[in-house]
Amino acid sequence: MSGTDATAPLSVVTEDLTLSVDGVDLDVRSTGDRLFVEVATVRDAVRVARRLPNDGDAEGPAALLTATALTAEVRVRGRTVAVIGGDARPGLLSRELGVAPAEIRIAGALAAGANGLSAVVRAPRRLFA
């Protein structure tokens, strides 16, 4: 890399990667410059977020993703609830929650929670159908 390069683009290719944080499995897939981290429930996503290191350098992972031209999307039930890295656009909510430079997507979190509630309601119906 020359001294004039602003970023060091990195490409991540994976079809079958599972990470585990505090007993919560996270499925990871990518499209090269975007990582998708799938968490089963909103509750598990919060559990994982609470277990991440809190060493006062919240910008470290985001800075690494940005420097390597990568973006990570955290998804729950197929809905994006957070974006970290080059394409993240943190707003007022992210700053109020103290998670900037991550972008929180409240609509995604609400939709994921609603999908989870719907799944709970449908489960007993399947037993009697």
Practice item. Check whether any side-chain N or O of Arg105 sits under 3.5 Å from a backbone N or O of Gly108 as a donor-acceptor pair, and report yes or no. Key: no

Point to revise | Reported CG-to-OG1 distance for the pair Asp33 and Thr71, which is rounded to 0.5 angstrom | key: 6.5 Å

**Study point:** Name of the residue among Val74, Val37, Leu26 meeting side-chain contact (heavy atoms from CB on, under 4.5 Å) with Val48
**Key:** Leu26

Review point. At what distance, to the nearest 0.5 angstrom, does CZ of Arg34 lie from CZ of Arg29?
Key: 11.0 Å

Practice item. May I ask whether Val39 and Leu19 are part of the same hydrophobic cluster, defined by side-chain heavy atoms of I, L, V, M, F, W, Y residues being less than 4.5 angstrom apart, directly or through others? Key: yes

Point to revise | Closest non-hydrogen atom pair, Arg47 against Asp22 | key: NH2-O, 2.6 Å

**Study point:** Leu65 with Phe36, same ILVMFWY side-chain cluster at under 4.5 Å
**Key:** no

**Study point:** Spatial distance of atom CD (Glu73) from atom OG1 (Thr31) [nearest 0.5 Å]
**Key:** 8.5 Å

Point to revise | Within one Ile-Leu-Val-Met-Phe-Trp-Tyr cluster: Val83 and Val28, side-chain cutoff 4.5 Å | key: no

Review point. Do you know the tightest heavy-atom contact between Ala102 and Ser94?
Key: O-OG, 2.8 Å

Check your understanding: Quick one: does Glu103's side chain have a donor or acceptor within less than 3.5 Å of a partner on Ala88's backbone?
Key -> no

Exercise for review: Report the distance from atom CG of Leu35 to atom CD1 of Ile84, rounding to the nearest 0.5 Å.
Suggested key: 10.0 Å

Practice item. Give the cluster check for Val42 versus Val24: same hydrophobic cluster or not, with ILVMFWY residues linked at side-chain heavy-atom distances below 4.5 Å. Key: yes

Point to revise | Worked verdict on Val81 versus Arg75 for side-chain contact (heavy atoms from CB on, under 4.5 Å) | key: CA-CA 6 Å; Val81 298; Arg75 299 172 60 92; over 6 Å; no

**Study point:** Sequence-distant partners of Leu97, side chain to side chain contact (heavy atoms under 4.5 Å, CB included), two or more places apart
**Key:** Leu93, Val99, Ile104

Practice item. List in chain and number order the residues that pass side chain to side chain donor-acceptor pair (under 3.5 Å) with Glu38, two or more places apart in sequence or in another chain; answer none if no residue qualifies. Key: none

**Study point:** Inter-residue atom distance Asp25.CG - Thr18.OG1, 0.5 Å rounding
**Key:** 6.0 Å

**Study point:** Nearest atoms (heavy-atom pairs only) where Thr66 meets Gly85
**Key:** OG1-C, 3.4 Å

